[in-house]
Every structure is written in structure tokens, then in C-alpha cells.
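Written out below as C-alpha cells is the structure these notes cover.
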Amino acid sequence: MARRPGDGGRFRLSPRARQLAGWVAALLLVLGIAGAVRLLGESGDEGAVVPSPSGAGGPATLAIVFGTELSAERVIPVGARTTSFERGDTFAYAVGGEPADAVYVEVERADGGPLEVVQAPIEAQAIPDAPALIGFTVPAAALLDAWGAGEYVMRIYLEPEGEPIAEGRFVLAEAPSSP
């Protein structure tokens with residue numbers, strides 16, 4: 001018996017099965033892309049750019065990377081990254097991008113109510129061995145004693161009246177009491 005053109009094999013799918021197979025293939029493609037972005041994008045976020053919170057269409061700001069350790073190159077190692085700190089931790093932050101001699105750091109409390117400035121960008125923080133990438137460490141206990149537990153927004157400026165070049169969020173928490 002002769003076959004019709006295009007009727008080439010034993011494997012035949014109904015229209016419903018073809019539609020289902022297409023959806024499964026699309027889902028696998030999206031998951032594959034998401035996995036590749038997560039895997040390849042993990043180490044490249046030290047200089048990541050995040051949209052400016054002002055919404056005024058100004059320049060984008062860099063992301064502040066937080067962690068418990070600062071390397072000699074002034075970056076937070078991937079294994080030390082966190083945004084939550086307790087008494088006894090080292091609070092470290094770094095900003096990729098261009099080196100700077102000094103920066104102005106502003107910190108605002110952001111626990112649900114209106115933002116409250118706890119550190120205004122009035123004094124320059126000299127960067128040791130300048131020019132270097134921006135990166136500092138301080139005991140988390142010092143911040144807890146000065147500001148208390150809560151959620152905070154940090155902004156870094158090159159000039160006290162300028163636009164922020166970097167921004168990030170972190171949490172200070174008292175250690176849970178032991179029984």
C-alpha cells in the first residue's frame with residue numbers, strides 16, 4: 001500500500017498531544033535559561049546596576065553588596081554575602097565600579113513607617129589606600145548600639161549634595177535569646 005506524502009512514520013501525535021508537547025518544550029526552555037542566568041550571573045553582581053529609586057529618570061545607581069567579610073580587593077566574597085546582621089557579626093559592604101578617594105554614606109531606617117535618617121551624608125569616609133574600590137567593615141554590634149534593630153537603606157554619594165552612586169538594603173537584628 002502506498003503512503004501519502006508527509007505520512008512518514010509510525011510516530012503520530014494528535015493535535016492535543018502536539019499542543020501539550022509544545023508547552024512542555026517552552027517550559028523546559030524557560031527553566032534552562034533561568035538556570036543559566038542564575039549560574040553565570042552569580043559572580044558578576046559586584047558592580048550590578050539597579051534602577052534609581054527616585055523614579056525621576058536620573059542615572060541608575062550601583063548595587064551595594066553586603067556581607068560578613070571584605071577581601072583585600074575590597075569585594076565581598078560570594079560565600080560571605082548576606083543582608084542580615086546580628087551582634088557578633090562583622091558588617092561589611094562594597095561597591096564595584098570606579099575607585100574613589102572618599103565617599104559620603106547616608107543610612108535611613110525603613111521599617112514600615114516613614115523613612116528616618118539615622119546617618120546623614122555629611123562627613124566623608126576616607127577610603128584607606130585610596131584610590132580603591134569602595135568597601136568598609138565595622139562590627140554589627142556598633143550599628144545595633146547606635147541605631148537599633150531594624151531594616152535600613154544605605155546610599156553612597158561622591159558629594160554630600162549630589163546624587164547617590166550606590167544603594168542597598170540591609171537588616172540589623174538582635175541575636176535570638178537562647179533558652
Side-chain angles (χ1 to χ4, degrees), residues 38 41-179:
R38 170 110 169 105
E42 185 71 27
S43 64
D45 61 351
E46 277 127 23
V49 176
V50 295
S52 175
S54 66
T61 57
L62 296 170
I64 300 173
V65 179
F66 297 99
T68 57
E69 181 183 328
L70 186 66
S71 73
E73 294 81 26
R74 288 200 162 18
V75 297
I76 307 293
V78 173
R81 293 182 185 179
T82 185
T83 57
S84 184
F85 302 89
E86 295 178 350
R87 199 170 290 281
D89 288 342
T90 297
F91 175 87
Y93 66 89
V95 177
E98 295 298 316
D101 293 333
V103 294
Y104 298 84
V105 178
E106 175 184 64
V107 180
E108 292 181 322
R109 179 180 291 277
D111 306 273
L115 292 178
E116 169 194 2
V117 175
V118 295
Q119 177 181 310
I122 54 173
E123 288 191 32
Q125 294 181 358
I127 299 174
D129 304 323
L133 296 177
I134 301 167
F136 291 93
T137 63
V138 64
L143 301 180
L144 279 162
D145 292 343
W147 306 331
E151 183 178 336
Y152 295 90
V153 176
M154 178 184 282
R155 291 186 190 90
I156 298 178
Y157 302 80
L158 293 178
E159 300 172 7
E161 301 298 324
E163 292 293 318
I165 62 161
E167 181 175 299
R169 289 182 170 266
F170 65 94
V171 174
L172 295 175
E174 289 291 346
S177 58
S178 48

Under the side chain to side chain contact (heavy atoms under 4.5 Å, CB included) rule, collect the residues that match up with Thr82, sequence neighbours excluded.
->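 Only Thr68, Ser84, Phe85 meet the side chain to side chain contact (heavy atoms under 4.5 Å, CB included) criterion with Thr82.
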
Would you please name every residue forming a side chain to side chain contact (heavy atoms under 4.5 Å, CB included) with Thr90, sequence neighbours left out?
->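 With sequence neighbours excluded, Thr90 shows a side chain to side chain contact (heavy atoms under 4.5 Å, CB included) to Thr137, given in chain and number order.
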
Under the salt bridge (charged side-chain N to carboxylate O under 4.0 Å, His left out) rule, what pairs show up with a residue in residues 144-154, not counting sequence neighbours?
->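 Those involving residues 144-154 are Arg87-Asp145, Glu151-Arg169.
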
Would you check if [X] and [Y] make a side-chain contact, meaning some heavy-atom pair closer than 4.5 Å?
X      : Y      : value
Val105 : Phe136 : no
Leu70  : Ile76  : yes
Val107 : Val153 : no

Do any N or O atoms from the side chain of Tyr152 and from the backbone of Trp147 form a donor-acceptor pair under 3.5 angstrom?
->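 A pair under 3.5 Å: yes.
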
Got a donor-acceptor contact below 3.5 angstrom from the Arg74 side chain to the Val95 backbone?
->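 Not confirmed, Arg74 side chain does not pair with Val95 backbone.
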
Between Phe91 and Phe170, ring centroids under 6.0 Å = yes

Decide side chain to side chain contact (heavy atoms under 4.5 Å, CB included) for Val138 and Leu143; before the verdict, give the C-alpha distance in whole Å, the side-chain angles of both, and the deciding distance to 0.1 Å.
-> CA-CA 8 Å; Val138 64; Leu143 301 180; 3.9 Å; yes

Can you name the side chain to side chain donor-acceptor pair (under 3.5 Å) partners of Ser71, sequence neighbours left out?
->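 Ser71: side chain to side chain donor-acceptor pair (under 3.5 Å) contacts with Glu73.
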
Any idea which heavy atoms bring Ala149 and Ala173 closest together, and the distance?
-> CB-CA, 4.2 Å

[atom1]-[atom2] distance between [X] and [Y], expressed to the nearest 0.5 angstrom:
X      : Y      : atom1 : atom2 : value
Ile134 : Leu62  : CD1   : CG    : 8.0 Å
Leu172 : Glu86  : CG    : CD    : 10.5 Å
Thr83  : Ile64  : OG1   : CD1   : 12.5 Å
Ile156 : Tyr104 : CD1   : OH    : 13.5 Å

Residues two or more places apart in sequence or in another chain: which of them pass salt bridge (charged side-chain N to carboxylate O under 4.0 Å, His left out) with Glu69?
->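 In terms of salt bridge (charged side-chain N to carboxylate O under 4.0 Å, His left out), with neighbours along the sequence ignored, Glu69 is linked to no residue.
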
